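Below is one structure, written out as structure tokens, with a few remarks after it.
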Amino acid sequence: MTSNIQNSDLLALKSYITAADATQYASVASTTIILDLTHSNLHQRHAEIRFDKHDTVEDLRKRIHQKTGTPPHSQRLQLIWSGQIFHEILPETESTRMLGYYNLPHGANVHCVDIDPYSASANGAYEDTSLVEKFVLSEDEYNKRKGTLRDWGRKQKEADPEFSLKKHAREHAELVEAKRLYRESGVVMRGFEVDESTGGIVRSVEEAVTSKLEKEGSSGELEFGPESVQHLSLHARCQVQPGARRGEIAFIGVIDEMGGGGHWVGVILDEPVGKTDGTVKSSGVRYFEAPGPNRGGFFRGKNVEAGDFPEIDIMAELEDSEDEL
């Protein structure tokens, strides 16, 4: 068959991939035959299954039964080569005949037609995952369950009003790192101490108290206060992280009802890769107008960099990419 590929690079790639096609079966034993198995009810294709030429049609049917679930008495087998059916084996016939009798070439296809009108493999029963009933749990049912992550978090919140899963994950990661550092070098990381009763690393009580006071005092103000956005100005072009997303600053100010309060930066993004249209979901208050539901985002000042960030020309990028392989 003549190839209609015009791109010289693709032709070279095709030539490289198919270079050994003529000799791919050169090392196969003379008594071995390699076949593909397909099924009338299934999309799956079992490629390059090895048989011995002394195997019988009954052996072939058993192998097909193992892979497709269709029993031998429901199999009508079509032997196909180069897209043409050159022999057909009806159910419960030629069972003792050896495969070598059919002179099948390597790569030939044995197609199983399932003649059972009530076959379990019909209508996608073996492959269509949408037919599988999924386990669904409502929010109310999940809230009532004991021993879940939500239940555990609720109990932690009752014991410590400042608890959050994000805070817990961060503190756990810090503890793991402190234990690793002490185990490998004997160095006690700042904020931790050696428990004299167990010899293990634990968080320092004094440090925990100090951290809490700092957080209640100046820490939050420094991180999310006016200083965190003083390098930014309205209508300036910017780039925000993560993702190096570009856009224009449309809002700078305090939003008390979102993410711990403090100063936030509202950005109209060039592409629909945001999470808002300028409205805070929890309060319904709109702080700026974005042209679409995913064209806006609220970011902390530390994640926003103002500067020469023009809108990216996608077509220019596509034109450049045509010169690359």
Side-chain angles (χ1 to χ4, degrees), residues 142-143 145-233 236 238-247 249 252-267 269 273-276 280-282 297-309:
Y142 184 63
N143 280 330
R145 285 205 166 194
K146 302 298 181 182
T148 64
L149 178 62
R150 183 175 296 176
D151 179 53
W152 176 82
R154 200 159 41 224
K155 291 177 181 178
Q156 299 300 314
K157 192 77 173 177
E158 292 174 358
D160 179 9
E162 295 185 359
F163 173 84
S164 69
L165 289 175
K166 183 177 180 181
K167 174 186 175 185
H168 172 74
R170 184 185 71 250
E171 291 180 347
H172 177 71
E174 292 172 351
L175 178 59
V176 170
E177 176 61 18
K179 289 181 177 180
R180 183 199 64 79
L181 183 64
Y182 181 70
R183 182 178 64 252
E184 295 180 357
S185 64
V187 176
V188 179
M189 195 163 72
R190 182 179 181 273
F192 294 86
E193 62 185 10
V194 178
D195 187 337
E196 296 181 358
S197 61
T198 63
I201 290 293
V202 295
R203 189 174 294 276
S204 170
V205 176
E206 293 182 3
E207 182 64 26
V209 173
T210 302
S211 298
K212 182 178 180 180
L213 292 174
E214 290 177 350
K215 180 178 179 181
E216 293 175 348
S218 61
S219 178
E221 296 176 1
L222 291 174
E223 187 174 4
F224 304 134
E227 297 83 359
S228 65
V229 295
Q230 64 182 3
H231 61 294
L232 305 172
S233 58
C238 67
Q239 178 170 276
V240 300
Q241 301 296 342
R245 292 167 286 177
R246 295 186 178 186
I249 297 175
I252 300 175
V254 175
I255 304 179
D256 291 327
E257 69 271 28
M258 189 173 72
H263 283 68
W264 289 86
V265 181
V267 178
L269 300 165
V273 289
K275 298 181 178 180
T276 180
V280 176
K281 293 181 181 179
S282 60
F298 290 101
F299 307 92
R300 291 298 189 184
K302 63 181 180 180
N303 294 330
V304 183
E305 179 183 0
D308 184 17
F309 295 108

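By convention here, the first residue in the shown sequence is residue 1. The structure presented is a predicted model; accordingly, all values stated were derived computationally and were not measured.
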State, with a plain yes or no, whether a side-chain heavy atom of [X] is found less than 4.5 Å away from one of [Y].
| X | Y | answer |
| --- | --- | --- |
| W152 | L165 | yes |
| F224 | H263 | no |
| V304 | V240 | yes |
| Y142 | L149 | yes |
| E257 | I255 | yes |
| E171 | R203 | yes |
| F192 | E174 | yes |
| R150 | N143 | yes |

Residues that K302 engages under salt bridge (Lys or Arg N to Asp or Glu O under 4.0 Å), provided they are two or more places apart =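 For K302 the salt bridge (Lys or Arg N to Asp or Glu O under 4.0 Å) partners, ignoring immediate neighbours, are E223.
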Can you sort out the partners of D195 under salt bridge (Lys or Arg N to Asp or Glu O under 4.0 Å), two or more places apart, ordered by chain and number?
-> none
Least distance between heavy atoms, [X] atom then [Y] atom:
| X | Y | result |
| --- | --- | --- |
| R300 | G262 | NH1-C, 3.8 Å |
| H231 | S228 | CE1-O, 3.1 Å |
| A178 | M189 | CB-CE, 3.6 Å |
| C238 | V267 | SG-CG1, 3.8 Å |
| V265 | I249 | CG1-CG2, 3.9 Å |
| L175 | I201 | CD1-O, 3.8 Å |

Give a yes or no answer on whether the side chain of R245 reaches the backbone of V273 with a donor-acceptor pair at less than 3.5 Å.
->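 Side chain of R245 to backbone of V273: a pair is present.
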Drop me the distance from K157's NZ to R154's CZ, to the nearest 0.5 angstrom.
-> 13.0 Å
Under the ring-ring contact (aromatic ring centres under 6.0 Å, His included) rule, collect the residues that match up with Y182, sequence neighbours excluded.
-> none
Is it true that atom NZ of K275 has more than 12 heavy atoms of other residues, nucleotides or ligands lying nearer than 6.0 Å?
->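 No, the 6.0 Å shell around NZ holds no more than 12 heavy atoms from other groups.
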Could you tell me whether E177 and R180 make a salt bridge, using a distance below 4.0 angstrom between a side-chain N and a carboxylate O?
-> yes
